[in-house]
Amino acid sequence: MRSIGARLAMWYALVTLATMVGVFTAGRYLLEKYVVHSLDLINEDEFSQIQDRLGPGYAGLTPAQIQDRLREAAGAKSVLFYIDIHRRTGETLFLSHNLAGHPIPDVPGERYYNTHIVGTPYEMRAAEFLLDPFDVTIATSKEQILGVMRGYRAVFFGLTAVMLVVSAGIGFGLSRLALRPVRLIQETASHIGSDNLSARIPVPLVHDEISDLARLLNRMFDRLESSFNQIRRFTAEASHELKTPLSLIRLQAEKLMVDGGLTPAQEEAVQMQLEEITRLNQIIDELLFLSRAEARAITLAIRRQDTRKFLEGFAQDARVLGEDRGVRFAEKIEGEGSADFDSRWIRQVLLNLMSNALNASPRGGQILLTSEVAGGVWRVALEDEGPGVPADQRERIFERFVRLGPPDALGSKGSGLGLAISRSIIGLHRGKIRAEPGSSGIGLRVIFEIQATDGTEESAPVRGSRE
Ligand SMILES: Nc1ncnc2c1ncn2[C@@H]1O[C@H](COP(=O)(O)OP(=O)(O)O)[C@@H](O)[C@H]1O
Ligand SMILES: [Mg+2]
């Protein structure tokens, strides 16, 4: 059972059931004892009447005389009482008619006992009295008692069924009531993410275990928020701080080149410096972008645009890039439709993918761009014929600074941020990006999906902007 509420309700119902069974059993025991005791009293009462009828000289009476004296009493009450009088020696002196000649069984050592009489269907309650030198045994049917007990049981089962349903209902209601604050915590906590760290769990004024827990969680969120903010600020500030000295170094290097008078070896060294500075600058820009994107501080200029037109524009540039590197570029654009996106950033994603594909492609290889609009989704894929990426690394390449292959084979270009940035941009568009093996089994295919619209409405609201 996954829900605490259901478990509590079940326990509540079980406890109620156990309580009811306990009360019933005790009640049954007491009731039976009480009713049986009243039968014993009735039997005693009958005995004293018999004693009266027999009179003081009873010891000398013959069976016929006894029969005579008791006829009236035993006759009238023959349905109620079963009477058996016998001598100690075992000689029977009197048997009431309803016994039909069968004596009442004797239980040695017991004065009051339950017994069965041959020829009668019910259990009897018997009492044996001493009337020296006779033994008088009087029995009464327990049928009525048994009837009462049966009724009692029926009432119990009915009540139990009703109580089980009622208590399960009450238990469920109570547990829902008790767990309401927990659900509130759950709801709030599920909304708190790196992009929404300011939400807090509402805490009631009362002091109980759950409100204490909520306070504890809120304090934890406070700490999380402040560390997140610190990290963001640090990345942003560090990037800014690095850019100024870098520009100064670049200026100096450029000045050296312009001034001339360097040996060819020195000139080459300065040239290398300039290239590295450019690369560093790019890494800083990319890091700055990532930290701003995470803080949702990137403004997207989202417009509804035709997907085909956009991709055909990109394909022209991609073809030139391919030619430059001796790689064929092909495109297969299917489906008409439009999507809401910022063309500058989606173009950046495509350029990132293209640069990776170019790096991976063998000479004379092909890079294929496919696009389709179907089922409300714009799906774009770029596929190359390179070595591909092993399955267990295909998610990792989207992480920051992850670059695969031997260090020297990676070349000096690239920082391992391209795919991380691409995922971030697609995320800002509420889309998804992933990698899979190429369609013919070789190479890598990177696919991104963005929601597409086939409507004719103009421009959509700009989202992701918090500046
Ligand atoms: N098309 C591809 N074929 C093979 N490996 C790829 C491809 N695209 C990306 N990768 C691997 O993923 C890593 C991360 O890519 P990326 O984030 O763009 O960083 P960078 O290009 O700067 O190395 C690359 O270093 C490369 O090992
Ligand atoms: Mg790259």
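Just follow the structure's listing: the first ligand is 1, and inside any ligand the first atom is 1. FYI, side chains are in, hydrogens and waters are out, and symmetry mates aren't considered; it's all heavy atoms of this structure.
Within the 4.0 Å heavy-atom criterion, both parts of L404, backbone and side chain, lie near ligand 1.
Interface atoms of ligand 1 facing D384, defined by a heavy-atom separation under 4.0 Å, are 1 (N), 2 (C), 3 (N). Listed by number with element, the atoms of ligand 1 under 4.0 Å from a non-hydrogen atom of V402 are 13 (C), 14 (C). Taking every non-hydrogen atom of G388 and a distance limit under 4.0 Å, the qualifying atoms of ligand 1 come out as 4 (C). Listed by atom number, the atoms of ligand 1 under 4.0 Å from R403 heavy atoms are 23 (O), 25 (O). Atoms of ligand 1 lying under 4.0 Å from any heavy atom of I397, numbered from 1 in the order shown and given with element: 11 (C), 12 (O), 14 (C), 17 (O).
The residues R215 and D212 are annotated as salt-bridged, a charged nitrogen and a carboxylate oxygen being separated by less than 4.0 angstrom. Taking a cutoff of 4.0 Å between a charged side-chain nitrogen and a carboxylate oxygen, E336 and R308 qualify as a salt bridge. A salt bridge links E395 with R423: the closest approach of a Lys/Arg side-chain nitrogen to an acidic carboxylate oxygen falls below 4.0 angstrom. The residues K332 and E383 are annotated as not salt-bridged, no charged nitrogen and carboxylate oxygen being separated by less than 4.0 angstrom. Between R279 and E276 there is a salt bridge, since a side-chain N of the basic residue sits under 4.0 Å from a carboxylate O of the acidic one. A salt bridge does not link E449 with K432: every distance from a Lys NZ or Arg NE/NH1/NH2 to an Asp or Glu carboxylate oxygen is 4.0 Å or more.
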Inset, instruction - Carefully, step by step, assess N352 and S355 under the rule side-chain hydrogen bond (donor to acceptor under 3.5 Å, both in side chains). - result: CA-CA 5 Å; N352 286 355; S355 116; 5.8 Å; no
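In this structure, H429 and F341 have tilted ring planes: the angle between them lies in the 30° to 60° band.
The heavy atom nearest to atom 19 (O) of ligand 1, out of those in A420, G416, S415, is found in G416. Closest heavy-atom approach to atom 5 (N) of ligand 1 within the set I283, L419, V389: this belongs to V389.
Ring to ring, F24 and Y152 are close: their centroids are under 6.0 angstrom apart.
Atom OG1 of T307 and atom CD1 of I333 lie 8.0 Å apart (nearest 0.5 Å).
Ligand 1 has no N or O atom lying under 3.5 Å from any N or O atom of N359, backbone or side chain.
The closest approach between any non-hydrogen atom of N352 and ligand 1 is not below 4.0 Å.
Screening the protein for N, O or S atoms under 2.8 Å from the Mg ion (ligand 2) yields 1; no waters enter the count.
At least one donor-acceptor pair closer than 3.5 Å links the side chain of N218 to the backbone N or O of I201.
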